[in-house]
Colleague: 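So that we are looking at the same thing, I have put the structure below in C-alpha cells.
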Amino acid sequence: MEVNPILQNVLAPPVLFFLIGAVSVLFKSDLEIPAPLPKLFSLYLLLAIGFKGGIEIQKSGFSDQVLPTLSAAILMSLLIPLIGFLILRFKFDVFNSAAIAAAYGSISAVTFISAESFLDSQKIAFDGFMVGALALMESPAIIVGLLLVKFAAPKNRPKSRKMHLSAILHESLLNGSVYLLLSSLIVGFLTASSNPSGITKMEPFTGQLFYGAECFFLLDMGIVAAQRLPRLKNAGSFLIGFAIFMPLFNAFIGVFIARFLSLGPGNALLFVVLCASASYLAVPAAMRMTVPEAKSSYYISTTLGLTFPFNIVLGIPIYMSLVNTIIPLSPL
Amino acid sequence: MEVNPILQNVLAPPVLFFLIGAVSVLFKSDLEIPAPLPKLFSLYLLLAIGFKGGIEIQKSGFSDQVLPTLSAAILMSLLIPLIGFLILRFKFDVFNSAAIAAAYGSISAVTFISAESFLDSQKIAFDGFMVGALALMESPAIIVGLLLVKFAAPKNRPKSRKMHLSAILHESLLNGSVYLLLSSLIVGFLTASSNPSGITKMEPFTGQLFYGAECFFLLDMGIVAAQRLPRLKNAGSFLIGFAIFMPLFNAFIGVFIARFLSLGPGNALLFVVLCASASYLAVPAAMRMTVPEAKSSYYISTTLGLTFPFNIVLGIPIYMSLVNTIIPLSPL
Amino acid sequence: MEVNPILQNVLAPPVLFFLIGAVSVLFKSDLEIPAPLPKLFSLYLLLAIGFKGGIEIQKSGFSDQVLPTLSAAILMSLLIPLIGFLILRFKFDVFNSAAIAAAYGSISAVTFISAESFLDSQKIAFDGFMVGALALMESPAIIVGLLLVKFAAPKNRPKSRKMHLSAILHESLLNGSVYLLLSSLIVGFLTASSNPSGITKMEPFTGQLFYGAECFFLLDMGIVAAQRLPRLKNAGSFLIGFAIFMPLFNAFIGVFIARFLSLGPGNALLFVVLCASASYLAVPAAMRMTVPEAKSSYYISTTLGLTFPFNIVLGIPIYMSLVNTIIPLSPL
Amino acid sequence: MKRLDLIFSERELDAIIKTLEKANVPGYTVMKHATGRGPERVVTEDMEFTGLGANAHVIVFCEQELIDKMRDNIRDDLSYYGGVAYISEATPL
Amino acid sequence: MKRLDLIFSERELDAIIKTLEKANVPGYTVMKHATGRGPERVVTEDMEFTGLGANAHVIVFCEQELIDKMRDNIRDDLSYYGGVAYISEATPL
Amino acid sequence: MKRLDLIFSERELDAIIKTLEKANVPGYTVMKHATGRGPERVVTEDMEFTGLGANAHVIVFCEQELIDKMRDNIRDDLSYYGGVAYISEATPL
Ligand SMILES: Nc1ncnc2c1ncn2[C@@H]1O[C@H](COP(=O)(O)O)[C@@H](O)[C@H]1O
Ligand SMILES: Nc1ncnc2c1ncn2[C@@H]1O[C@H](COP(=O)(O)O)[C@@H](O)[C@H]1O
Ligand SMILES: Nc1ncnc2c1ncn2[C@@H]1O[C@H](COP(=O)(O)O)[C@@H](O)[C@H]1O
Ligand code: NA
Ligand code: NA
Ligand code: NA
C-alpha cells in the first residue's frame, strides 16, 4: 500500500476541514458551530443524497448488477451486527453489545459521501444506484440489534421494556434520518420519471452546493469527534480496538463480496465503505429510545470519536488499495 | 376538469417534499426541522421574492396592465376580509371573525411561489410585476381586520385595548415579514436601476438556490401543517368548511376580475392564487399582538393546517383549470 | 470629494440590506434574525474569505509586494492600539482603554468584504494576497492590548487576573474567528497546490453564494448596529468622537503607507480599510475573557454601533477618494 | 430574597422588561424559546417563522417589596395577553 | 401552590406531557436544549443532529394533590430513561 | 435537598462546571442562550456571532453540605466575571 492515496485523501477540502475541526478542539480554540446549525447540514446532506440517488436510480434503471448488489448490501447489514454482537459479548452485556453491533451494521452517509468525493478526485467512475445500497443498509441493522435485545435480554427485563415488532419496525424505518433519506430518494425518482425539468431547477441546491456543505458539516464533525475521543478512555481498550478492527474486518469481507459481484473499482469501494462505516445518526437515536440500558457514550464515542475519523482520514484510501489489490485477482 | 394537472402538480419536488413532511407526521416519524431553521428559510424566501420582484418591476416598467392589476389586488384584499367577516360572524365573535377574515384577505407568499413553480413547469409565462401585487396585498387586510375590531368590538373592551390608527398602521406595515418583502423589493428595484452588476452577483443566491430552498421550506411546512390539522377538530365543522370554501369562493371572484382586467393565463393564475391564499405569517403575528381575544389556534390551524395544503396540492391546478375555462370566454 | 461614489456605494445590495436592517430598528419593525442564524453566516463568511484567500495566495505566489505589504499590515496592527491607547487614556482607565484600542488595531472582515465588493463594482483590480493582510492583522492588536493591560494595570489587580504570555497567545491566535479564518486560508492554499479540482467543486459554495450571504449577514448587522447605537449615548461624546475620528486617522496613516509601498489603488483601498476598520468579533471575545474589568458595552457599541456602519456606508468611498488623491501624487 | 418566575409570550417581552426596569429590579434573566400550555389549553409552540413565536421565561431575584411594587403592573401585562407569575423563596449563596 | 421541575431527555417529552395531561395539570412550560449530567456521570449534550438531542426542562405550577396523583407515573417515566424531578413551594403573584 | 441556581456568562461555563465536578455534585443542568441584565445595568444579549454570547443558567439539586463546600469557589468564579447564585428548598418527587 502506497502512502500517496492517503496523502491525496487528506489534502482534499472535506478532510482538511474535518482535521481543522479536530485540531481546534486539541488546541482548545473556542470555535463552535452551535446547535441547531449542524442539524441543518445533516438534514440537507440526507435530502440531497437521497434526491440525487433517486434520480440516478431512475436513470440507470435496474441493470443486472443492481439487484445482486442491493441484496448483498442488505445481507451485510444483517450479518455484521451478528458478528459484532458475538465479539462484543466477550466484554459487554447484551444491551451494550447489541447497540454497538447495530451501529456497525448500519452505515454513515457522510463516510459514503466522502468516499464519493475521493472517487471523484481520483476520476474513478461509480454508479448512482449505490445510494440505494446506502439507503437499504440503514434499517436492517437496527432491526437485528433490537431483535437481539428482544431474544437475548435477561428474562427479568421490566415488562414495560418488552419490545413489540411494530415498535422495532417503527424505530428502524421511521427514524428521522432514515425517513428523510428514503423519502428524498423517492422524490428524486418521481421527479426524474415525471418532471425532468425539476432536476435542473434543483441542481444548484442539491448538486452544486453539496461539496461546500459537506466541508462545512465535516468541520463540525471534526469538532464533535475530537470532543468525543477522550471519553473513549473510560470505555476501555477493548472497545477502542473494536472501533478500528471492526471496520477493517468488515471492509475485508466487503471487498470479497464486491469481487464476487464483479463490481467495478468505484462501486466496490462504495460497497466496502458501506460495510466498514458505522452509524452515528439513525442507530444511536433508535437505541436511545428502545434500549436505554445501553450506555450511549459507548456507541456514540466509538462510532463518532474513532471509527468515523479513521474511515474519513485513513480508511477510505486503505480500502481503495484493498479494492485495487483484491478485485483484479483472477476470478474466484 | 382533467385530473392530469393535479397529478403533474403533485409530482413536482416542492409539493412532493410538502407531502413527505406531512406523511412523516402521519407515520409518527421523528423527523424535525428545529427552530430557528424554518425562520432562516422563510426570511430567505421573502428576501429573494422581494429582490427578484423589484428587479422585474424595474425592468418591465409600469405598463398598461400594471396599475389596474395592482389596484384590483388591493381592492380584493380590502373586500375579502369584509365578506369573510360577515360569514364568520354567524358562528364566531367579533374578535375571532375579524382575525380569521383578515388572514384570508391577506396572502401566503409560499403559495404564490408554488404557483410560479407550477407555471414554470407548465411553461406558461407570467409577469414580474405580480410580485408587486403580492407585496401590496399583505397589509390592507390587516388594516381592515383591525378596523373591524375597532368599530365592531363590544363597547366594554378594556381601555388598554382600544386601538389607535398609528398602532394599526404599525402592525400592518412594519410587521417583520411585510417589511422584509417590501424593502427587499425596493432593494431589487434600486439595484436594477443603478447597479445592474449587482443582479448578476445576487443571482446564485436569490435565483439558483431558490427552488431548492423552497423545497426545504415546504418539507417543514408539511410537518407543521400536518401537526396543526388535527387541532381543527376542536374548531368545529363550520371553520373546516370555511377553510376550503373561502379560497374557492375568492378564486371564483378573482378569476372574473382577472378576465375583466384581460390578464394572460399566467398572471391570471397568480392573481387568483393571491385571492385564494391565506396568510399564516404577517396576519397571525399582527393579530396575536393586537387582538389577544381571538384564539390563535383558530386563525393558524385553518390557514396553515387546511387552506395552505389545499392550495398547494389541489388548489393551484384547480385554479388553473378555472382560469383556462373562464378567461378565454367571449369578452364580458 | 464627489458625492457620486458614496451614492454608488450606498446603492449596492450589501449596503442597501444593511440600511434596511438599521431602518427596521428605527421604525420598530419586529424583523429579527434569531440566534444562531447570524453565527451561521459569520462562520460561512470567514470560511469562504479564508479559503478563497488561500487559493489566491497560492496562485499569486510571493511577489515583490507581498512581503512588504504584509509586514506593514502587522506593523499597523501593533501601532494603532498604542496610539489609540494613548488617546483613550485621557478619559478611560487602563482596562477600557486597552480593550477599545485593541479593537481598533484589529480588523473587521465584513468591512473588508464590503470594500472588495465596492472595488468590484468600480471595476478596480486588487490582489488576493490582501486577504493574507486581513488574516495577519487580527491577532497582533489583541496581543498589544493584553500586554498593555499586563504592564499598565494597577498593581492591585487580583492575582487570579495576572495574565501569562501563554494565555495572551491563546486568546489572540485560537479565538474561534481568528482560527477559522487562518485555517481556512491554509485549506485554500493546500487545495490550490495539491488538489485544484477541489477549487472548482467549492466554487458554488464559497464563490457564487458569497455575495448573497454577505447581503443577508449585513441585513442582520444593520439590525444589530442600530440596536447598539443608542447605547453609545451613555458612553459619552468622547467615545462617540473617537469612533469616527479613529478610523479616519488610521485611514490617513494607512494611505501614506500604501503610497510608500507603491500599492495600486485596489490594494491601497483594502490596506486603508484594514487600518480603518475595527474588530467586533475576535477582540471583544478575547477581551471579555481576559479583561473583565473593561465594559463590553464600550468596545462593542463603538465598533459595531458606529465605526462599522460609518465604514460601510461612508468610509469606503471616502477612503477611495483619499486613495485617488494621495496615491497618484509625485513620489515621496 | 424572593425569586419571581414569569412565563408569557415572547412578543410581550418588551412590555414586561419595561415594567421590571421601572420598578428598578437589581437584574433579571430571560430565557426564550420556551413552549407550553396554559389553563385555556392553548399549546404554544416554537413557531418563530410565523412570527407567533414561543414563550419567554423571566427570572427575577429581588426583595419582596419590589415585587409588591410591580404586582399590579405585571398582573396587568399578563391579564392582557395571558401568562403566569409565581413567587418563591431564595437565599443568595 | 407547588412548583414541579422535571429534567429528562427530550426524546421522552411526549410521554411526560401525556402524563401531565392525564393528570389535568392547569398548564406546563417546556424548555428544550438543556444539557447536563446525572448521577451516572453521563454528560448529555445538545447533539440534535445525531437524533440523540438534549434534555428538556419542564416546569409545572400546580396543587400538591395533582403532584401526588402524578407521582407514580412520573417516577415510572423517569425510571425508564433517567431524569430528575423536584418539588418546591411557589405562591402565585 | 437544595436547589442552586447559577446565572453567568456562557464563556465561564467550563470554569463553573469544573467547580461543580470538583465538589462531586450528583448532577447539574445547563441552559444556554439566557440573556439578562445585572446590577451593573449591562444587558447581556444572545450575540453568539460576536463570540460574546449570552448567559448560562445552571441548576444543581444537591445537599446543603455540598453547597457549603462549593460556596467559596463559586463566589470566586462569579466575582471574577459577574453573575448570580441563589439557593432554595427543593424536595425530590
Ligand atoms: N400551571 C402552569 N405551569 C407552568 N407553566 C404554565 C402554567 N400555566 C401557564 N403556563 C405557561 O404560560 C404560558 C401562557 O399561558 P396562558 O396565557 O395561560 O396560555 C403557557 O404557554 C405556559 O408556558
Ligand atoms: N442533581 C441534579 N441537578 C440538576 N440536574 C440534574 C441532576 N441530576 C440529573 N440532572 C439532569 O437530568 C438529566 C438526566 O439525568 P440522568 O438520567 O441521571 O442522566 C441530566 O442530564 C441533567 O440535566
Ligand atoms: N437580580 C437578578 N435576577 C435574575 N437574574 C440576574 C439578576 N442579577 C443578574 N442576573 C443575571 O446574571 C447575569 C450576569 O449578571 P452581572 O454579572 O451582574 O451582569 C445577568 O445578565 C442576568 O442574566
Ligand atoms: Na457498516
Ligand atoms: Na387572500
Ligand atoms: Na484596524
Side-chain angles (χ1 to χ4, degrees), chain A residues 4-41 44 48 113-114 116-123 203-220 222-223, chain C residues 34-44 46-48 50-52 54-55 166-167 169-210 213 281-282 285-286 288-289:
Chain A
N4 234 10
I6 290 187
L7 201 72
Q8 265 194 333
N9 181 50
V10 167
L11 286 174
V15 182
L16 286 172
F17 278 108
F18 180 81
L19 293 174
I20 278 181
V23 168
S24 83
V25 175
L26 202 75
F27 284 174
K28 295 206 167 70
S29 164
D30 61 353
L31 179 64
E32 195 200 346
I33 300 180
L37 300 182
K39 178 99 178 187
L40 173 65
F41 288 91
Y44 164 79
I113 300 170
S114 303
E116 288 191 335
S117 297
F118 178 77
L119 290 174
D120 272 343
S121 73
Q122 305 273 317
K123 306 204 169 40
E203 165 61 15
F205 186 71
T206 51
Q208 294 175 27
L209 218 62
F210 194 81
Y211 195 71
E214 180 191 344
C215 289
F216 203 99
F217 188 63
L218 277 167
L219 175 65
D220 185 58
I223 298 174
Chain C
L37 301 181
K39 178 100 178 186
L40 173 65
F41 288 90
S42 97
L43 289 171
Y44 164 79
L46 290 170
L47 187 154
F51 186 77
K52 292 188 294 183
I55 294 171
S166 66
L169 287 176
H170 187 273
E171 283 303 324
S172 57
L173 292 173
L174 291 170
N175 173 288
S177 47
V178 176
Y179 178 82
L180 183 56
L181 183 67
L182 279 175
S183 56
S184 301
L185 201 126
I186 296 172
V187 171
F189 191 93
L190 291 175
T191 303
S193 54
S194 66
N195 192 354
S197 79
I199 299 177
T200 326
K201 285 159 81 183
M202 284 295 270
E203 165 62 13
F205 187 71
T206 50
Q208 294 175 27
L209 219 60
F210 193 81
L281 293 180
R288 176 74 188 79
M289 282 307 279

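Each chain gets a letter, A, B and so on, in the order its sequence line appears, and its residues count up from 1.
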Colleague: Pick one of side chain, backbone, both or neither for C:Leu209, based on which atoms fall under 4.5 Å of a heavy atom in chain A.
Modeller: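 Just its side chain gets close to chain A.
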Colleague: Could you list all the side chain to side chain donor-acceptor pair (under 3.5 Å) pairs where at least one residue sits in residues 203-220 of chain A, not counting sequence neighbours?
Modeller: A:Ser117-A:Glu214
Colleague: Under the salt bridge (Lys or Arg N to Asp or Glu O under 4.0 Å) test, which residues partner A:Glu32, sequence neighbours left out?
Modeller: F:Lys32
Colleague: Which class fits the ring pair A:Phe216 and A:Phe41: parallel under 30°, tilted 30 to 60°, perpendicular over 60°?
Modeller: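 The rings of A:Phe216 and A:Phe41 lie parallel, inter-plane angle below 30°.
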Colleague: Side chain, backbone, both or neither: which part of C:Ser177 has a non-hydrogen atom closer than 4.5 Å to chain A?
Modeller: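 Neither part, no heavy atoms under 4.5 Å.
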Colleague: With a 4.5 angstrom heavy-atom cut-off, could you sort out which part of A:Leu40 is near chain C: side chain, backbone, both or neither?
Modeller: side chain
Colleague: Can you measure from CG (A:Leu26) to CG (C:Leu174) and round to the nearest 0.5 angstrom?
Modeller: 10.5 Å
